[in-house]
Structure formats: structure tokens, C-alpha cells
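Note that the structure is a prediction, hence the values are computed from the model and not measured. So that the names make sense, note that chain A is the first sequence line, chain B the second, and so on, each numbered from 1. In what follows, every heavy atom counts, from backbone to side chain, and hydrogens, waters and symmetry copies are set aside.
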2 protein chains.
Amino acid sequence: MGKNKQKTKAEILTITIPLFANEGYAGVSMRQIAKAVGIKAASLYHHFPDKQTLYIEALAQAFGKHADFMNEAFTLQATPEQRLRQLIHKLCILVTEDADFSRLMQREIMDGDEKRLKLLADQVFSDFFHDMNRLCRSFAPDRDPHLMTVSILGLVIYHYQIAPIRCFLPGFQASHNDPDIIGQHIFTLLKNEIEL
Amino acid sequence: MGKNKQKTKAEILTITIPLFANEGYAGVSMRQIAKAVGIKAASLYHHFPDKQTLYIEALAQAFGKHADFMNEAFTLQATPEQRLRQLIHKLCILVTEDADFSRLMQREIMDGDEKRLKLLADQVFSDFFHDMNRLCRSFAPDRDPHLMTVSILGLVIYHYQIAPIRCFLPGFQASHNDPDIIGQHIFTLLKNEIEL
DNA sequence: GTCTATAAAGGGATAGAC
DNA sequence: GTCTATCCCTTTATAGAC
């Protein structure tokens, strides 16, 4: 009844996502993808017209997975301080637990052309970013909300990005990879900004 | 007298660096490099035994270029506050003005194997990171210096990383790409940390 | 929906002339 | 030090059998 086709397509994408996340678009061949999926390369072209499309759909699946988180991170009614703490905590968990998502995002911001970036911004980040701006305004009304939002994202994301080399850098301790420790550090860093 | 060989080698690397920075290792072919340099692909193998070596030497040249900055950022005698402001300012200028350096670094942290990352950490960042830890201790003695150092780097670097998509995100203004504006924002964000 | 076979192009790398 | 020519392999993608 055609249900297998859809299922197989999503399965292919699920298997493909970590490959693109770890090796990049140019670093993964259709043969490698096919091998990982368990079919021959030619069969991939039954599901996707070309490699580009396969990549774009993998992106869409990887990013769509977290749409809920993006929208739910701001629902709870609480003080700005509590909401900021919650948000930082959830962001730390997100980047730590879905490395594929984070890496794909990083690569896409690096390599995506203008058209793809605009799509990513509008369809994935717009609402989330807007909510973050609003949160920033609520606890730091005198600050530029856009700059604050980027700063908070940078604080969380860079601690994750630098993880592969961090263990070789001066002052490293194992606890520095713990999302709770990192989240707590970032929250106290920003706490002074909060107007009580 | 063999002086041309050295000169040409450095010239090749200079031309190659932006290619690897923009397209990544797998995204650039020896033929593309040769074309950019203005010679044939086979001639590249007179200077470098293989593509890997060419890439590594390009990294070395791109990173070595900023060794002075890394070491000079902490020489001036001043209050911790002044030194922090100076450092943030110089970092903002660095990542803004040498996009190739920043992108290569980002790719290398993402894709480098353990051996290359250890080399990068020891030979490029060790002293700089150590100095940053010391600076952090001087203005925020109660904080973990490693976490503080990474946070400061993340604040600066992420504002640069997100630049390609930033203009599509809510609240963007042209001034958000100005290193002076970003630097000022980050400094005031950290200023509350400073023990006067 | 997957397979084999294959086309057409591009990849890294080498040999040997100049 | 650069060239042409070439080797051998991989790549993306298609055609057509099952």
C-alpha cells in the first residue's frame, strides 16, 4: 500500500544524518550512505533524485526533530530568572545529547548558501529566536536583545564545540564536559544581568 | 640558489588557505588548488608529497601567522579590567579580519583527529590559553578559570560564527556585525564579574 | 524497491620529457 | 620547477532486468 516507501525513506535519512554530521557533505559518498543503509547506491536514487536532495531532506529531518523543544522552551510561567535557568539547562542538554543536530547546524551555518540559510532562519529558528529575544528583554531590558540572544547561544554552544580539543587545554577537568556544570557556570555568569 | 622553491611553496600555501577554509578538506581537489595557484596539478607534487601534507602545512602557515598576537595580547601592564577589555577587543578584530583563520580553526576542531588536536592544543593554544586562565583568575578569582576562558572565547567567536545567518534572524541590525559593538557588548556582559 | 551494469566525469598520484 | 600524459580508482547518476 505504499507505506513501505515512506518508512524506508525516513529510515534512510535517519541513518544518513550522522554520516553528514560527522564527515560533511563532500566527505560522504552515495556508496557510503548505501552501505550504511544496507542497499546498493543505485537504489538510493529511487528515493531521492540526487545527493543534494538527500542531504537537504536529511537536514530537514534532523532539524524538525527539535521543533517541539524550540517551541516548548518558553511555555512555563515563571520569573525571568527561572525561565533563563530553564532555557540554559535545556540548551545544554540539547547540544550534549544530539551531537548530530549540533554538528549539522554548525556545518550548515558555515557552508550553506544564502538561500538555504534564509530557509533555516525562517523555518527553524525564527520563532525560537523571537522567544529568546523576548526573554532577554524581560530580564535585561536595557540591553540589545539580539546581541544577548546570540551571546547566550554562543556561551552554551561553544562549550560544546570546543569539547574535542578542550581536554588538551590548560585547566581542563572532567567535570567541564558535564552539561549541568556548564549550565550552572553560564547561568551565574548571566545572573548579574538580571534586574530583580 | 633554491630560494625560489621556498618562496613558491609559501605562495602556494597562501593561495590554498582560503580554499580549505571555505570548502573544507574534502571539498577541495588538487586540480582546483593547482588552478588557483596557476600551475598544473602534477606540479604540486614537487612541493608536497600528498594532499594531506599540503593541508597540514597550510594549517601551520595559517595558525603560525597569529602566534605573535597570541603572545602579545597579555604583555601590557594594566588593571585586570583594562586587560580584559583589550583582550576582547583584539579577539574581536582577529576573528573579524582573518576569516580564513577562524574557519580553518573551526573545521579543525570539528574534523581533526586526536593527534592533530593535541598538536594544535600544545603548539598553538597552550600558552595563549594559559595566559587567558591567568587573566580570568585575576579578575574573577572565585570562578573556574578554564570555564571562564572558554566562555569568553565562545562569546567572541560565536558572534562571528553566526554572522552568515544572523542577518535573517529577528532583531538584527547592521551594527551587530561591527566588532567594536560586539566587543563592547561582551565586555559589559563580563564587567559584573570583575572584582574591583 | 532493489539489483547489476555501465556511462561520464573527476579524484589522487606517478613517470618522464623539458 | 613545470609540463603532458597517463594510471587507477572513486564519484554521481542512469538504464533496464527482476
Hey, can you pull the donor-acceptor pairs under 3.5 Å for the side chains in residues 91-102 of chain B, sequence neighbours left out?
residue, atom, partner, partner atom, Å
B/Thr96, OG1, B/Cys92, O, 2.6
B/Asp98, OD1, B/Asp100, N, 3.4
B/Asp98, OD1, B/Phe101, N, 3.0
B/Asp98, OD2, B/Lys65, NZ, 3.2
B/Asp98, OD2, B/His66, NE2, 2.6
B/Ser102, OG, B/Asp98, O, 3.4

Donor-acceptor pairs under 3.5 Å, side chain of residues 167-176 of chain B to any protein atom, not counting sequence neighbours: which ones?
residue, atom, partner, partner atom, Å
B/His176, ND1, B/Gln173, N, 3.0
B/His176, NE2, A/Asp144, OD1, 3.3
B/His176, NE2, A/Asp144, OD2, 2.6

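A salt bridge links A/Asp111 with B/Arg107: the closest approach of a Lys/Arg side-chain nitrogen to an acidic carboxylate oxygen falls below 4.0 angstrom.
When the C1' atom of C/dA13 is taken as reference, atom CG of B/Leu54 falls 13 Å away, rounded to whole Å. Separating the CG atom of B/Asp50 from the P atom of D/dC8 is a distance of 20 Å, rounded to the nearest angstrom. One interatomic measurement links the two molecules: CG of B/Leu44 to P of D/dT2, which rounds to 9 Å at whole-angstrom precision. Here the C1' atom of nucleotide D/dT2 and the CZ atom of B/Phe48 are 15 Å apart, to the nearest Å.
Under the side chain to side chain contact (heavy atoms under 4.5 Å, CB included) test applied with B/Phe187, the options B/Glu81, B/Gln86, B/His89 reduce to a single match, B/Glu81.
Residues B/Phe129 and B/His146 bring their aromatic ring centres within 6.0 Å. Between B/Tyr25 and B/Tyr55, the gap from one ring centroid to the other is short of 6.0 Å.
A/Leu59 and A/Ile15 fall within a single hydrophobic cluster, where Ile, Leu, Val, Met, Phe, Trp and Tyr side chains are chained together by heavy-atom contacts under 4.5 Å.
In this view, B/Ser138 satisfies the side chain to side chain donor-acceptor pair (under 3.5 Å) rule with no residue, not counting sequence neighbours.
Under a cut-off of 6.0 angstrom, the local environment of NZ in A/Lys40 is sparse, with at most 12 non-hydrogen atoms contributed by other residues, nucleotides or ligands. Residue-environment remark: CD (B/Glu114) stays at or below the threshold of 12 foreign heavy atoms within 6.0 Å.
Of the residues in residues 26-40 of chain A, A/Val28, A/Ser29, A/Met30, A/Arg31 come within less than 4.0 Å of DNA chain D through at least one heavy atom, sorted by number.
Of the candidate nucleotides C/dG12, C/dG1, C/dC3, C/dC3 has the atom nearest to the side chain of A/Ser43.
Overall bending of the helix from C/dG1-D/dC18 to C/dC18-D/dG1, expressed as the angle between end axes built from five pairs apiece, is 10° (10° steps).
Contact check, A/His46 against C/dG1: a side-chain N or O comes under 4.0 Å of OP1 or OP2. Contact check, B/Tyr45 against C/dA13: a side-chain N or O comes under 4.0 Å of OP1 or OP2. Listed pair A/His47 / C/dT2 meets the phosphate criterion, a side-chain N or O lying under 4.0 Å from OP1 or OP2.
For the atom pair CD1 of B/Ile12 and CD1 of B/Ile39, the computed distance is 4.5 Å after rounding to the nearest 0.5 Å.
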Would you tabulate the nitrogen or oxygen pairs shorter than 3.5 Å linking the protein to nucleotides 16-18 of chain C?
none

